Amino acid sequence: MRIREYILMILALTLLLFTHEVRADSERSQENKIKAAFLFNFMKFVEWPADKMGDVNEPFVVGIIGSKDFIEAFKPITQRKFHDRSIVLKYFGDYEEFKKAQEADMGQWNRKIEALKRCHLLMFCSCDSGPLDATSEIINALRNFPVLTVGEKDGFLESGGVINFLMEGNKVCFEVNSTAAKANKLKISSNLLRLAKRVIEKK
Amino acid sequence: MLIKRSSTIRHKLMAIIMIPSATILFVAIAAFVIWGQIDSRQSIVQDTISHIGMLSDNCKASLVFSNKEDAQQILSTLRFQESIDFACIYDKEGKIFAQYKSENMADNIQAPKPQKDGHAFENGYFSAFKQIVLDNEVIGTIYLQDSMIRSSSELKWDTIVSLVILPIALVVGYFLSSKLQMMISRPVLSLTRIAKEISEKKDYSVRALQLSSDEIGYLTQVFNTMLEQIQNRDSELTDAKNQLEARVHKRTSELTKANEELYREVTERTKVEEQVRQQNEFLNNILESLTHPFYVINVDDYSIRIANSAAKQNLGENTCCKLVCHQLTHMRDEPYNTKKDPCPIEIIKRTGEPVVLEHLHYDKDKNQRYVEVHAYPIHNDKGKLSEIIEYTLDITERKQAETKLKAAQEELIETAHRAGMAEVAADVLHNVGNVLNSINVSTTLVTEKIANSELVNLHKLASLINDHIEDLGIFLTEHPQGKHIPAYLTEVSKCLIDEHADILSRLRVLADNVEHVKEIISTQQSYAKVSGVEIQASITKLVEDAIQINSAGLQRHGTRLIREYEELTDVEVNKQKILQILVNLISNAKYSVSNNGKEEKIITIRIYRHSEDHCRIEVADNGVGISRENLTKIFTHGFTTKRKGHGFGLHSSALAAKEIGGKLTVHSDGEGQGATFTLEIPFKPVEV
């Protein structure tokens, strides 16, 4: 009896640990899940210019830069349709690659940027505070191009990103840079703006 | 009932105006109220739908981003819509995401279960559900509930207002119509009043005032015209009535007269009818009393229309009417029409004239009877031959009598002929007698002569001689008686010679006479044989023959005969007949002169040619003549003035003259004046 109880306790503890980890992971993945859902929802409240949208057979391209965690979370989204289009997820590498390309090879940098321009939505993932530098360059490179740039780091909006995720406690929130949106020829629904925690509108 | 037949025109007009007006008003108001309600409901639906649209659009973001506060806030804008008293948003699981409740709503209101899209008016609320769709995906449901307070208040106010307005409008309408209906009612009432006045007072000189120029005005005009007409009519009527009375009176008298006349006519008609009936009866009686069968026969089908009882009796009662005439009487099926027995109908059809025929009919016992059929045509109104009257006389006896008569006649003719012949014969006999007379005389004389003849004496003498035969000589010479004998003988012989001559001449005469008689007889015989033949003869000779026949008589009576003959050629004549006539005439003349008591007895015979083809033989005498009344009778059979006459002579002479184509005439100045008989015969000269 006692041994069984003991084993059970150990199992429970292990489980707890795992679950903690898992929970910690799952917390993170949960957050990513929510963000992915938000991304999908953002798509619904943002209007791309018609020439960008093109033919209905063309997929909606969602690009991810940064960590790969988001990919997993966004996968279920790819099953859905957005305005009858299929959603395609593209991973464009992490920031270092971009950084390197930026510093080293302009050609590669351009190529990468060009690749990025084909996205409709570009998610700048950052698991933790990673280097932000490439981000602004990328964003700048993508200025005036109808790409919805979404980040999850502070200062993303100031760098020129359109939407930035925030965490208020456990709640996922977001803030919007409407000027950047306008610059990227994107129209953001007022409903979305209303729900944003903060809306920047630089003159 | 507002409108009754007997309510006044004013009431009626008012009712006409008010009732429709009220009805219309009511209906219009009700319509509008109802329309208002419908409209307000429509608008509620519209509003709610638009609210739902707006809200759902606005809270899409809140729903997907699970921002309940935002949704709540959005819903709270509904507080500006007073009528919406509850709203809620459900998430995609159907759990309430956000809700709104108006102030005056009970706190413990239960949100209904989310449903599919739809709206409904129930329990005094309007509720609507709508699904919130984002990019073809249902992210939630929104529910709105409207208390319809607006529409009910609208209804309330509508009703109040209309309930207020309606009576006011009706009152106004009442006053208006009250004034306006006078346009109609006043003229009508005026007309009514006048009419009433007129009908009460019977004064047709009153006229109605024309107050308007519509149909009522026209009616008034016409009314006045009618009144005028009535007035005129009235006066006319009065006049007419007066006239009529006079006319009626006149007409009554006329009618009475006519009636009387009619009555008279009728009685006359009855009388006439009675007369006709009597006449018919009379005719019928006549018909019936006819002992002869009397028929009326139809010419087209030979049917018997009328048959009297004599007919029926004769030919069988029932058969008469059924049969056709020829069936009945001739027992033939076709009209009898031979030459021997012609059908009277056919003859009448041909000639159209009455006809008398002799037929042989059968009576009811199928005996044959001779009938004399008299048939007369009857023409109908159009002048066409329609029937015939036929009566039949049974002439069987008559026929038999006729036959007998004919036989008798023939006999008579025969007799006459015989008589004529007899007369001739008589004449001949007469003549012969005459001749015989002379023959007689002659023979008597001769006989006398012979009787007294000396022959007797001779005989005596002879006997005397014979007695004295032995001594004849002696005797002759000695005997006293004998002596005379030679002288006597000579005498006797002289006498005998004279006698002989005389007797001879007389015998000659006798022979002549006998010859005459022979001639006469042979003539007669020859005449008898060929009595009708014309042969060549000399008239002169004939006359002489006739004279000769009568000669004895003529001589005896010492009649002087004067002959005045014209010479004529021989002619072809019927000798016998002429002879007969002439003999007769001469005989008569002879007789007449013998009794005339005059000294001179003259008979004159003339022969002369009277005309181209006639000659005349005249025998005139100065005898006793013929009285006027006997002149006409003289040639009649049996008439005679002779004491012993048979009366045949002149009659048969006249007949004979006719037979030979001539004529016998007489002329006498009267009794004692003599007479002249003239025989005229056709002169047929023989070509020599």
Side-chain angles (χ1 to χ4, degrees), chain A residues 30-31 33-48 53 56 59-60 62 76-87 120-121 148 150 152 162-176 178 181 187-199, chain B residues 47-81 84 87-101 114 117 128-144:
Chain A
Q30 188 70 17
E31 191 191 310
K33 276 209 176 89
I34 292 173
K35 282 186 184 167
F38 270 46
L39 272 184
F40 187 60
N41 289 334
F42 291 154
M43 281 152 53
K44 293 181 188 175
F45 290 96
V46 172
E47 212 178 294
W48 278 260
M53 294 310 272
V56 76
F60 189 84
V62 174
I77 308 294
T78 57
Q79 311 292 337
R80 317 272 279 275
K81 282 231 191 254
F82 173 67
H83 291 157
D84 295 328
R85 295 159 189 273
S86 53
I87 301 172
H120 293 88
L121 193 153
L148 180 66
V150 182
E152 49 180 358
V162 181
I163 302 178
N164 190 34
F165 280 112
L166 291 176
M167 293 303 294
E168 258 185 19
N170 285 341
K171 233 169 152 247
V172 177
C173 306
F174 61 91
E175 55 189 4
V176 176
S178 71
K187 215 152 146 213
I188 299 193
S189 162
S190 53
N191 289 337
L192 193 62
L193 291 178
R194 199 177 58 236
L195 291 176
K197 278 280 175 217
R198 182 167 71 110
V199 178
Chain B
D47 285 350
T48 313
I49 287 174
S50 70
H51 282 310
I52 281 180
M54 286 195 293
L55 290 171
S56 77
D57 209 48
N58 285 337
C59 59
K60 276 182 192 166
S62 324
L63 260 178
V64 297
F65 292 110
S66 307
N67 196 330
K68 282 195 182 171
E69 291 85 17
D70 190 51
Q72 202 79 36
Q73 201 179 2
I74 287 168
L75 281 183
S76 74
T77 59
L78 285 173
R79 66 183 182 281
F80 295 110
Q81 184 71 3
I84 295 182
C88 65
I89 298 174
Y90 305 85
D91 61 12
K92 64 169 108 168
E93 275 89 44
K95 289 211 280 287
I96 294 182
F97 186 70
Q99 76 176 36
Y100 158 81
K101 195 162 53 60
D117 287 4
F129 278 98
K130 191 164 191 321
Q131 288 176 329
I132 305 172
V133 172
L134 180 64
D135 194 26
N136 298 334
E137 201 187 317
V138 177
I139 57 174
T141 313
I142 187 164
Y143 170 74
L144 244 66

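If you're wondering where the values come from, they're calculated on a predicted model, not measured in any experiment. Chain letters run A, B, ... following the sequence lines, proteins first, then strands; residues in each count from 1.
In this structure, the portion of A:F40 lying under 4.5 Å from any heavy atom of chain B is its side chain and not its backbone. When heavy atoms are compared at a cutoff of 4.5 Å, B:E137 approaches chain A solely by way of its side chain, counted from C-beta outward. Using a 4.5 Å cut-off between heavy atoms, A:F45 touches chain B through its side chain atoms alone. Contact annotation for B:N136: only side-chain heavy atoms (C-beta onward) come within less than 4.5 Å of a heavy atom of chain A. Heavy atoms closer than 4.5 Å to chain B are found in both the backbone and the side chain of A:F82.
Checking side-chain atoms of A:E152 against main-chain N and O of A:N164 turns up no donor-acceptor pair under 3.5 Å. The closest donor-acceptor contact from the side chain of A:R80 to the backbone of A:I77 lies at 3.5 Å or more, if one exists at all.
Smallest separation of non-hydrogen atoms from A:F42 and A:L148: CB-CD2, 4.4 Å.
Between the CE atom in A:M43 and the CZ atom in A:R85 there is a gap of 10.0 Å [rounded to 0.5 Å].
Atom CD of B:Q73 is surrounded by 12 or fewer heavy atoms from other residues, nucleotides or ligands within 6.0 Å.
Each of A:K81, A:R194, A:K171 has some count of heavy-atom pairs under 4.5 Å with chain B, and the biggest count is that of A:R194.
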